[in-house]
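Just so you know, these numbers use all the heavy atoms, side chains as well, and skip hydrogens, waters and symmetry mates.
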Amino acid sequence: ESVGGIGSGDVMAAPLALLSMLVELAVGYPAWLVRRAGHPVTWMGHLISWLDTRLNDPARESAARRRAGRIALVLLLLVVGASAFLLEAALLLLPFGLLFVALAASMLIAQRSLYGHVAAVADALETSSLEDARTAVSQIVGRDTTQLDEAGVVRAAIESLAENFSDGVVSPVFWLGLAGLTGGAAYKAINTADSMIGHRSPRYEDFGRAAAKFDDVVNLPGSRLSGLLLVGAAALTQDASAKRAWNTMRRDAAKHASPNAGTPEAAIAGALDVALGGPRAYADSHTDGAWLGDGRRDATPSDLRAALRLYVRADGLLIALVAVVAALGATLSATV
């Protein structure tokens, strides 16, 4: 078969990624289905917790716990990857099988839910109270939000929007386009493992090291693409600056503690002429993060609305990009 995915030999991969995005935009993941059957990320989380319970022994030496973490990651990927591969193969045997695979793959993408969660913060700031806004933003960030002022809430929401555009939209679409449902599910498993066991704490410093490092690797292409898409969106958005987004991304991305989150966060900071990052408090710690961008630190709800407009345009550019790749793949396959 000719090349049809994003760098893949699977001619169905890019059309699958495109169709999955469109399905997720149209219907999302119904709440009734979550209540009845859960969500793939929840299922992955149960498996990660099971592996953690059985393999992560705090009494073992550091090297042994790192080996156990690597074994846990391999087992996770084997189970999730094999399940996704078999499901995709089975669904493709059905009439309109690609649509059924796209329905499954759409569960790995968060375009609709990401917009909804961030918009809820903007709604609370504009029509309710700061306390309600703090509660809303606490649903999408890991930091302590109880003492944030209005500007802090806005910055936290914009940072989450940028980072999750990469982790929750661009990266899963990239891996779906590269390796079909198997690639998308494997990516989501790695990302979920990083969020659960990839942080630095006495229990996970060693055991979660492999998950954290591998998550950095698999998110690298998506984070860079996310930054470029936000720069492109700024060029299409009134009162946003593509030039400033590009320059800020190039200059400040590496200042972030994460090797990937800094790219989209710096891009959106430059586009909106706000400063993101800086000091932040967590439940049991405080960090003096670097500031990204030279703009205003006193961000306002109007900045959050502007960030949402940028996100919508950047997501539209991603859909257009995947559509072009799918069309090129179809053209190439037809000529062979």
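- Looking at every heavy atom in both residues, Ser166 comes nearest to Pro172 through O-CD, 4.1 Å.
- Hydrophobic clustering of Ile, Leu, Val, Met, Phe, Trp and Tyr side chains at less than 4.5 Å, counting indirect connections, unites Trp50 with Val80.
- Residue pairs that meet the salt bridge (Lys or Arg N to Asp or Glu O under 4.0 Å) test with at least one member in residues 65-83, sequence neighbours left out, are Arg66-Asp206.
- Using a 3.5 Å distance cut-off with no hydrogens or angles, the side chains of Asp303 and Thr300 do pair a donor with an acceptor.
- Shown here are the salt bridge (charged side-chain N to carboxylate O under 4.0 Å, His left out) partners of Asp298, two or more places apart in sequence or in another chain: there are none.
- Across every non-hydrogen atom of Ala326 and Pro15, the tightest pair is CB-N, 3.9 Å.
- Annotation: side chain of Val74 is in contact with side chain of Leu78 (closest heavy-atom distance under 4.5 Å).
- A single hydrophobic cluster is seen to contain both Leu176 and Leu92, as judged by linkage of ILVMFWY side chains at heavy-atom distances under 4.5 Å, directly or through other members.
- Counting heavy atoms from C-beta on, the side chains of Tyr311 and Val118 never come closer than 4.5 Å.
- Residues Asn247 and Lys243 form a side-chain contact, since some pair of their non-hydrogen atoms from C-beta on lies under 4.5 Å apart.
- Residues Leu181 and Leu108 are in side-chain contact: their nearest non-hydrogen atoms beyond the backbone lie under 4.5 Å apart.
- At a threshold of 4.5 Å between side-chain heavy atoms, the hydrophobic network of Ile, Leu, Val, Met, Phe, Trp and Tyr places Trp246 and Val274 in two separate groups.
- Contact between Asp252 and Gly293 at its shortest, heavy atoms only, is OD2-N, 2.7 Å.
- Val312 and Val154 fall within a single hydrophobic cluster, where Ile, Leu, Val, Met, Phe, Trp and Tyr side chains are chained together by heavy-atom contacts under 4.5 Å.
- Residue pairs meeting the salt bridge (Lys or Arg N to Asp or Glu O under 4.0 Å) criterion with at least one member in residues 47-62, sequence neighbours excluded, are Asp52-Arg203.
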Can you give the donor-acceptor pairs under 3.5 Å from side chains of residues 18-27 to other protein atoms, not counting sequence neighbours?
unit_1: Ser20; atom_1: OG; unit_2: Leu16; atom_2: O; d: 2.7
unit_1: Glu24; atom_1: OE1; unit_2: Gln111; atom_2: N; d: 3.3
unit_1: Glu24; atom_1: OE1; unit_2: Gln111; atom_2: NE2; d: 2.9
unit_1: Glu24; atom_1: OE1; unit_2: Arg112; atom_2: N; d: 3.2
unit_1: Glu24; atom_1: OE2; unit_2: Arg112; atom_2: N; d: 3.2

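- Contact between Pro279 and Trp291 at its shortest, heavy atoms only, is CD-CZ2, 3.8 Å.
- Checked against side-chain contact (heavy atoms from CB on, under 4.5 Å), Ala136 has the following partners two or more places apart in sequence or in another chain: Val121.
- Between Asn56 and Tyr204, some side-chain heavy-atom pair lies under the 4.5 Å cut-off.
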- Message: Assess the residue pair Ile190 and Asp194 against the criterion (side chain to side chain contact (heavy atoms under 4.5 Å, CB included)); give the C-alpha distance rounded to whole Å, side-chain angles, the decisive distance to 0.1 Å, and a yes or no.
- Response: CA-CA 6 Å; Ile190 296 165; Asp194 177 61; 5.7 Å; no
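- In this structure, Ile268 and Phe165 have side chains that are not in contact, with every pair of non-hydrogen atoms separated by 4.5 Å or more.
- By the side-chain contact (heavy atoms from CB on, under 4.5 Å) test, Arg134 pairs with Leu130, Glu131, Thr145, Val153, sequence neighbours left out.
- When the side-chain contact (heavy atoms from CB on, under 4.5 Å) test is applied to Ser160, the partners found at least two apart in sequence or on another chain are Ile140, Val141, Asn164.
- For Ala306, the side-chain contact (heavy atoms from CB on, under 4.5 Å) test picks out Leu272, Arg309, with sequence neighbours left out.
- Using a distance-only test at 3.5 Å, with no hydrogens or angles considered, no donor-acceptor pair links the side chain of Ser223 to the main chain of Ala261.
- The hydrophobic cluster around Leu292 extends to none of the other residues, as no ILVMFWY side-chain heavy atom falls under 4.5 Å of it.
- Under a hydrophobic clustering in which Ile, Leu, Val, Met, Phe, Trp and Tyr are joined whenever their side-chain heavy atoms come within less than 4.5 Å, directly or via other members, Trp43 and Val41 fall into different clusters.
- The shortest heavy-atom contact between Tyr187 and Asp167 is OH-O, 3.0 Å.
- With sequence neighbours excluded, no residue forms a salt bridge (charged side-chain N to carboxylate O under 4.0 Å, His left out) with Glu150.
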Only distances under 3.5 Å count here; give the side-chain donor-acceptor pairs of residues 228-242 to other protein atoms, sequence neighbours excluded, each with its distance to 0.1 Å.
unit_1: Thr237; atom_1: OG1; unit_2: Ala233; atom_2: O; d: 2.7
unit_1: Thr237; atom_1: OG1; unit_2: Arg313; atom_2: NE; d: 3.4
unit_1: Ser241; atom_1: OG; unit_2: Arg244; atom_2: N; d: 3.0

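- The main-chain N or O of Glu265 is never found under 3.5 Å from a side-chain atom of Glu159 such that the two would form a donor-acceptor pair.
- Looking at residues two or more places apart in sequence or on another chain, you find no salt bridge (charged side-chain N to carboxylate O under 4.0 Å, His left out) involving Arg297.
- Between Leu321 and Leu225, some side-chain heavy-atom pair lies under the 4.5 Å cut-off.
- Closest of all the heavy-atom pairs between Val325 and Ala14 is CG1-CB, 4.0 Å.
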